[in-house]
Structures are given as C-alpha cells and as structure tokens.
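All values below come from the heavy atoms of this structure, side chains included, with hydrogens, waters and symmetry mates left out. The first residue in the sequence is number 1, and the count goes up from there. Predicted model only: the values in this text are computed from it and were never measured.
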Amino acid sequence: MSRFVYLDHSATTPVDQRVIDAMMPFFAPDFGNPNSLHAWGRKARQAVDKARNQVAQLINADPAEIIFTGGGSEADNLAIKGVAFAKKDKGRHIITSAIEHHAVLDTCNWLAKEGFDITVLPVDEYGMIRPDELERAIRPDTILVSIHFANNEIGTIEPIEKIGNICRSHGVLFHSDAVQAAGHIPIDVKNLPVDLMTMAAHKMYGPKGVGALYIKKGVKVIPLIHGGGQERGLRSGTENTAGIVGFGEAAALAAERLAKGEMEKETRLRDKLIDGVLKNIPDVILTGHRLERLPFHASFCFRYIEGESMLLRLDALGIGASSGSACTSGSLEPSHVLLAIGLPHEVAHGSLRLTLGKDTSDEDIDYVLENLPKVVESLRAMSPYGKRG
C-alpha cells in the first residue's frame, strides 16, 4: 500500500490528541465522583460544568439545556420516549421520516407497540422531506415530530427551519437527530425552531460512548433511567467525567474550526471527489442532494456490483470506506434509506459512502480517484450483471 486513507468519518472520527490530553487527568489523578462534596468531587464537577458550557456554546444553547447521555442512540430514545410519555394525555401521534437512523425508527416502532400512532413520511429522490406533506400529516393529537438534521448515509441536509416553523405553528414539539451535523455545520438553536436535538462526541473527534440531548427550556421529558437524579433528574447514573470532558473539548475545537471556515476545505475536497467519480466511472449514481449536503459527505451507488466487494478491495488498498450506516453494516438487506429514495434493490446493493475528515488532503482524494475506477472496472468484469466490451 502506498498510503492509508480513512474516509469513514460518518461512522466515527479519530479522537483528537488535544481531546485525549484533556481527558487523561480524569482517569487519574482527578478521578473524583462529580457528585461528591470533597475536593476530588468538586474538581470533577467543575470539569463537567465546563464541558456542558462548551457543548452548549457549539450550538448557542444555555448550559442548563444540555443533558449528557451515553451516546446518540440513548439521546434519541430519551427525546422520543421522554416526550411521548410526558405528553401521552394530550395525544399519542408521532411523525418521523422513512430515512431516519434506526435509533429513531426502532424507538418509534417500540412506541407503536405501546399504543402510540406513528406516521412515517416518505422523502423525495434526494432524501428531502416535503414540508407540505409534513403539515398535512399533523393532527390534533400529534405531540412530536422527529426528523434528522442530516442523513448519515446520503448526506442530505433537511429543511430544518421550515419543518420547525410548521411544528411551532401547530403547537407540536420538534426533535432533530443532529449527530451527523453538529460540529460540522453552523447550528444556532436560539434561531432555529428546534425543541430537542441529539449530538454525539465521536462524530466530532471526541470519545465514543458519550452524547448529549439539547432540551429547550420549558419542554417536559420523562426520564428513561431512574436512580441518583443526575443530569437534572433526566439521566441518572454517575457521570462519565472523562468522556464528558472529552466531549466538551471536542465541541470547543469544532467551534474553532467552524469559526475559521474549515468546512470550506472539506466542501472543496468533497466536490473534487464527487466530480472525479462521476467523470471517470460510468453507470454511477450520486445519492443524496448535490448542494444541500454535509460538507464532508460523498455517497454513490455503482451499478452491476456490490458495495461489500468494493469495501474489501478498497481496504486492501489502504482506503477505509463504508457501504452505508456502520450501525447496520452486518445486514444483508439493502439500506432502508436507499430504498426510500426510490433505488431498486440491485442498485442499492452497490452503495459506497466516502466521508472526509479535517485531516483529509488533496493527495488522499487523488489516491482514491486513481484506484476506485480500477476497483469498479475489475469487479464489473467478474460480475454476471456487468457490462462487457
């Protein structure tokens, strides 16, 4: 291998060394429980409070509106189940979309078994919600809409402001899973009509196993975990101090990158990659919206071959990629996201997701564009469905 190129940042990002450095003291010597009153506990509490401020500043929230969780999936569950049971006397109707992460869809499916009524909205060919369809789906008993900020598999950024304004006009709470977007595009919850929003540290160069839920002041949520009453009673359990500190540092560094306009570099490299693939490889489909797209995200479907075969060939060349969500990579079924945007099964099986990071270089993209066409051509030559010249 001439080089190693990691292009699977939507699955997880490497932990920034500055984040590791910030975390290390809270394994030892600053190992105290942040709920203890002695000096060790007070130092840990100060660190958790600082991290809460850092995460809040990333999205322009108040620190009291940030609840730390054990990851993005837990935060989604807390938002959706928490609102559902808090407002069940008002109504039991929840609206979501067909291309949400399974942390949202499976939670809604579980609630359906508990007597809630779930409406799953379709999306257009780019994975975009149609606001007029959302508005028509809202009923007097609708209590929550949950639509992600940006899709993890195809990179499309949803019209969050329009969705939120529709929800506000009907008095319906709006939750958005922003795991893929937070730290990568500017988000200001004071100017966005969002009531609850999910984030995860490991998508922005922080540690795995720690997430956060933004809950707008005044929104009532029933906790999932009961016990010691930590996190304002909404998430009991001794805080993961080191992980939370890492999340805070990662959020602060993400805010710096956004302020410096580093997303423009990722966008340029993303477009270079997309343009190169579409130009040099025939029978390929760009999935997701071309413009309303995460700055680091490129995704495709290649006709006549399977994504898993591409991944193995690319891995042998030192290129790390994925064929969709890392959370469902063991499934033999084609992605529910790709089927929802109208792709047939045989095309959806040929998916490839290439997601860039802050350290991705022009040389990395050149290496991919040099090798990916060869991989595709080789696999198509062996495929019974491939075109032969």
Distance check, rounded to the nearest 0.5 Å: [X] atom [atom1] versus [Y] atom [atom2]?
X: Asn280; Y: Glu370; atom1: CG; atom2: CD; result: 11.5 Å
X: Asp177; Y: Asp76; atom1: CG; atom2: CG; result: 4.0 Å
X: Ile118; Y: Cys108; atom1: CD1; atom2: SG; result: 4.5 Å
X: Ile147; Y: Ile163; atom1: CD1; atom2: CD1; result: 5.5 Å
X: Ile365; Y: Leu354; atom1: CD1; atom2: CG; result: 8.0 Å
X: Leu352; Y: Ser322; atom1: CG; atom2: OG; result: 7.0 Å

[X], [Y]: one ILVMFWY side-chain cluster at the under-4.5 Å cut-off?
X: Ile94; Y: Leu105; answer: no
X: Leu278; Y: Ile341; answer: yes
X: Ile66; Y: Leu253; answer: no
X: Leu196; Y: Val172; answer: no
X: Val194; Y: Leu213; answer: no

Note: [X]-[Y] ion pair, threshold 4.0 Å (strictly below):
X: Asp364; Y: Arg3; value: yes
X: Asp106; Y: Lys113; value: no
X: Arg52; Y: Glu231; value: yes
X: Glu114; Y: Arg92; value: no
X: Arg130; Y: Asp132; value: no

Could you label the plane-to-plane angle of the Trp110 and Phe85 rings as parallel, tilted or perpendicular, counting under 30° as parallel and over 60° as perpendicular?
->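 It falls in the perpendicular class, over 60°.
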Please work out whether the ring planes of Phe300 and Phe302 are parallel, tilted or perpendicular, with thresholds of 30° and 60°.
->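 Rings of Phe300 and Phe302: tilted, 30 to 60°.
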Spell out, as yes or no, whether a donor-acceptor pair under 3.5 Å connects the side chain of [X] to the backbone of [Y].
X: Ser176; Y: Ala178; result: no
X: Lys265; Y: Lys358; result: yes
X: Arg270; Y: Leu356; result: no
X: Gln180; Y: Ser10; result: yes
X: Ser236; Y: Gly227; result: yes
X: Asp315; Y: Leu311; result: no
X: His336; Y: Glu100; result: yes
X: Tyr6; Y: Asp8; result: yes
X: Arg45; Y: Asp49; result: no

Pair listing, side-chain hydrogen bond (donor to acceptor under 3.5 Å, both in side chains) test, anchored in residues 54-63, at least two apart = Asn60-Asp188, Asp62-Lys190, Asp62-Lys217
If only side-chain N and O atoms count, and only distance matters, is there a donor-acceptor pair under 3.5 Å linking [Y] with [X]?
X: Ser309; Y: Glu306; answer: no
X: His102; Y: Thr107; answer: no
X: Thr12; Y: His202; answer: yes
X: Asn191; Y: Glu161; answer: no
X: Ser323; Y: Ser351; answer: no
X: Glu135; Y: His170; answer: yes
X: Thr69; Y: Arg235; answer: no
X: Ser299; Y: Arg293; answer: yes

Show your working on ring-ring contact (aromatic ring centres under 6.0 Å, His included) between Phe296 and His9 and close with a plain yes or no.
-> CA-CA 8 Å; Phe296 61 92; His9 291 82; 7.8 Å; no
Would you find more than 12 non-hydrogen atoms of other residues, nucleotides or ligands less than 6.0 Å from [X] atom [atom1]?
X: Arg257; atom1: CZ; answer: yes
X: Glu264; atom1: CD; answer: no
X: Glu377; atom1: CD; answer: no
X: Lys43; atom1: NZ; answer: no

Side chain to side chain donor-acceptor pair (under 3.5 Å) between Glu239 and Asn35: does it pass, once the steps are laid out?
-> CA-CA 9 Å; Glu239 295 91 340; Asn35 302 291; 2.9 Å; yes
Heavy-atom check, side chain of [X] versus side chain of [Y], under 4.5 Å:
X: Tyr214; Y: Val189; result: yes
X: Met128; Y: His289; result: yes
X: Ile129; Y: Asp124; result: no
X: Ile285; Y: Arg303; result: yes
X: Ile185; Y: Met263; result: yes
X: Pro140; Y: Lys90; result: no
X: Arg290; Y: Tyr126; result: no
X: Glu65; Y: Ile215; result: no

Run the side chain to side chain donor-acceptor pair (under 3.5 Å) check on Thr96 and Ser146 step by step: do they pass?
-> CA-CA 5 Å; Thr96 188; Ser146 181; 4.7 Å; no
Check [X] against [Y] and note the closest heavy-atom contact, atom names and distance.
X: Val375; Y: Leu314; value: CG2-CD2, 4.2 Å
X: Ile99; Y: His148; value: O-CE1, 3.1 Å
X: Pro29; Y: Trp40; value: O-CD1, 4.3 Å
X: Ile143; Y: Phe116; value: CD1-CE2, 4.3 Å

Walk me through it: do Asp117 and Arg139 pass the test side-chain contact (heavy atoms from CB on, under 4.5 Å)?
-> CA-CA 11 Å; Asp117 189 10; Arg139 311 184 320 210; 2.9 Å; yes
Would Thr198 and His175 satisfy side chain to side chain donor-acceptor pair (under 3.5 Å), going step by step from the backbone distance to the final call?
-> CA-CA 8 Å; Thr198 298; His175 163 250; 2.9 Å; yes
Under the 4.5 Å side-chain heavy-atom rule for ILVMFWY, direct or indirect, which residues accompany Leu339?
->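 So far as hydrophobic clustering goes, Leu339 is joined with none.
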